[in-house]
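Below is one structure; the comments refer to it alone.
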There are 2 protein chains.
Amino acid sequence: MNIGEVAERSGIPTKTIRYYEDIGFLRPKRNENGYRIFEDTELHKLIFIGRARSLGFNIEECRALLALYDDKERGSSDVKLIAKQHVQEIERKITDLIAMRDTLTHLIDACAGDHRPDCPILDNLSDVKTN
Amino acid sequence: MNIGEVAERSGIPTKTIRYYEDIGFLRPKRNENGYRIFEDTELHKLIFIGRARSLGFNIEECRALLALYDDKERGSSDVKLIAKQHVQEIERKITDLIAMRDTLTHLIDACAGDHRPDCPILDNLSDVKTN
DNA sequence: TCTTGACCTTCCAGTGACTGGAAGCATTAG
DNA sequence: CTAATGCTTCCAGTCACTGGAAGGTCAAGA
């Protein structure tokens, strides 16, 4: 497979695939004209990385997951720990977003047609104590 | 207030506060020695921005939210529209994050978490068919 | 008074994770 | 044969910071 086909099949742009090679995620062979040739294992790795990224894992976390993926002797508890930490972070974000949505919704309702200079809701939004 | 105190009270690093000034979020006065002097309104603005940023709004979105925050005529329909679009975006993000969390949680539950190498998390991430 | 250290200033460079573009070979379709 | 597409490398830019250098300011202590 050339890089274009791998990009199509993995959903990862060619630029990004080359970048992933740069940072050591893959090391595809080259043929005589210098083109990268990808094996199925490399395609699978890219799909793996793409999915991990879409789940919000950053590059270093992906590297750790890839190492575990490659390591035949790995224990699954290592993987589970990484995933659990990530779920905690996601849940914190969800909580924050719900709070922000509720605040903004109140803001929209309460500020509609209100031309007074001081809005208590805005004051509350930026109040340190409600942080 | 000097920048250090504002940083402490807003939770935003001094570097970032100066950056926010660069991009026009604030325009703190200076005293004779050149130090920035911050009013309470600027502190509140920073807390507001910090919260919006922590929820994934980018700088331009923050600028729009700040306009809502700053706008003495708020209640006008265009400002309200901006806020509503932001609420929609927040809801989309919440949905995405919940999907992410559910996927990960499901995988964690299915993962033994012991020293054995079989791990459903990695299996799922590397399974081409579930792409 | 001098000095030490914390705090402030500006400017420039680097980060992460790409992304875009230029310049130049290789391959393929018409 | 030519044009279009695809591949290569390299360099630069993006966003939102973040770190460091070099230097000015200020309050406290010997």
Side-chain angles (χ1 to χ4, degrees), chain A residues 1-39 42-43 45-67 82 85-86 89 93 96 100, chain B residues 1-39 42-43 45-66 86 89 93 96 100 125:
Chain A
M1 268 178 288
N2 282 350
I3 198 167
E5 189 182 344
V6 173
E8 167 129 20
R9 290 173 63 179
S10 66
I12 296 171
T14 58
K15 281 275 183 186
T16 307
I17 294 171
R18 293 195 194 98
Y19 169 71
Y20 285 164
E21 184 182 356
D22 278 355
I23 63 171
F25 275 1
L26 333 148
R27 220 155 295 138
K29 294 196 174 68
R30 305 293 182 115
N31 65 16
E32 286 150 23
N33 59 18
Y35 287 18
R36 289 165 182 83
I37 29 176
F38 294 86
E39 306 294 332
E42 264 125 9
L43 172 61
K45 231 181 204 179
L46 280 170
I47 291 167
F48 178 95
I49 296 166
R51 224 171 270 172
R53 291 285 301 124
S54 83
L55 287 174
F57 291 100
N58 68 21
I59 290 294
E60 282 318 303
E61 286 166 338
C62 287
R63 208 186 289 281
L65 288 170
L66 261 187
I82 292 173
Q85 287 168 351
H86 197 66
E89 202 184 325
K93 283 181 183 172
D96 288 355
M100 187 65 165
Chain B
M1 268 178 289
N2 281 350
I3 198 168
E5 190 182 343
V6 173
E8 167 128 21
R9 290 173 63 179
S10 67
I12 295 172
T14 58
K15 281 276 185 187
T16 307
I17 294 171
R18 293 195 195 96
Y19 169 71
Y20 285 165
E21 184 182 356
D22 278 355
I23 63 173
F25 275 2
L26 333 148
R27 219 154 296 137
K29 295 196 173 69
R30 305 294 182 114
N31 65 16
E32 285 151 24
N33 59 21
Y35 287 18
R36 289 165 182 84
I37 28 177
F38 294 86
E39 307 294 331
E42 263 124 10
L43 172 61
K45 230 182 205 179
L46 280 169
I47 291 166
F48 182 94
I49 296 167
R51 239 175 252 172
R53 288 289 301 123
S54 81
L55 295 178
F57 289 100
N58 68 22
I59 290 295
E60 283 317 303
E61 288 164 339
C62 285
R63 212 184 286 279
L65 288 170
L66 263 187
H86 281 297
E89 199 186 328
K93 283 179 181 172
D96 286 356
M100 250 186 225
L125 285 171

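Chain A is the first sequence line, chain B the second, and so forth, proteins listed ahead of strands; every chain is numbered from 1.
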> So which nucleotide from C/dG21, C/dA17, D/dC17 ends up closest to the side chain of B/Y19?
Replying inline: D/dC17
> The side chain of A/R30 lies closest to which of these nucleotides: D/dT9, C/dT9, D/dC17?
Replying inline: D/dT9
> More 5' along DNA chain C: A/E60 or B/E21, using each one's nearest nucleotide?
Replying inline: B/E21
> Where each residue is assigned the nucleotide of DNA chain C containing its nearest heavy atom, which of B/G34 and A/R53 is assigned the position nearer the 5′ end?
Replying inline: B/G34
>> Quick check on DNA chain D: between B/N33 and B/P13, whose nearest nucleotide comes earlier from the 5' end?
In response: B/P13
Rounded to whole angstroms, how far apart are [atom1] on [X] and [atom2] on [N]?
{"X": "B/N31", "N": "C/dT9", "atom1": "CG", "atom2": "C1'", "result": "12 Å"}
{"X": "A/E61", "N": "C/dG16", "atom1": "CD", "atom2": "P", "result": "14 Å"}
{"X": "A/I37", "N": "D/dT8", "atom1": "CD1", "atom2": "P", "result": "11 Å"}
{"X": "A/I17", "N": "C/dA17", "atom1": "CD1", "atom2": "C1'", "result": "15 Å"}
{"X": "A/K15", "N": "D/dA12", "atom1": "NZ", "atom2": "P", "result": "13 Å"}
{"X": "B/N2", "N": "D/dG24", "atom1": "CG", "atom2": "C1'", "result": "14 Å"}
{"X": "A/E5", "N": "C/dT27", "atom1": "CD", "atom2": "P", "result": "17 Å"}
{"X": "A/D22", "N": "C/dG16", "atom1": "CG", "atom2": "C1'", "result": "14 Å"}

>> To check you understand the geometry: which heavy-atom pair defines the closest contact between A/I59 and A/I23, and what is its length?
In response: CG2-CD1, 3.8 Å
Taking only N and O in the side chain of [X], is any of them less than 4.0 Å away from OP1 or OP2 of [N]?
{"X": "B/R36", "N": "C/dT9", "answer": "yes"}
{"X": "A/N58", "N": "C/dG16", "answer": "no"}
{"X": "B/T14", "N": "C/dC7", "answer": "no"}
{"X": "A/R18", "N": "C/dG20", "answer": "no"}

>> According to ring-ring contact (aromatic ring centres under 6.0 Å, His included), who are the partners of A/Y20, at least two apart in sequence or on a separate chain?
In response: A/F25
> Reckon B/Y20 touches a base, only the sugar-phosphate, or nothing at all at heavy-atom distances under 4.0 Å?
Replying inline: sugar-phosphate
> With sugar-phosphate meaning primed atoms plus P, OP1 and OP2, does B/I3 contact a base, only sugar-phosphate, or nothing at under 4.0 Å between heavy atoms?
Replying inline: sugar-phosphate
> Do the charged groups of B/R18 and B/E21 touch, with an N to O distance under 4.0 Å?
Replying inline: no
>> Any carboxylate oxygen within less than 4.0 angstrom of a Lys/Arg side-chain nitrogen, looking at A/E42 and A/K45?
In response: no
>> Suppose we call a contact any N or O donor and acceptor under 3.5 Å apart; does that hold for the side chain of B/Y35 and the base of D/dG24?
In response: yes
> Does any non-hydrogen side-chain atom of B/E5 lie less than 4.5 Å from one of B/L43?
Replying inline: no
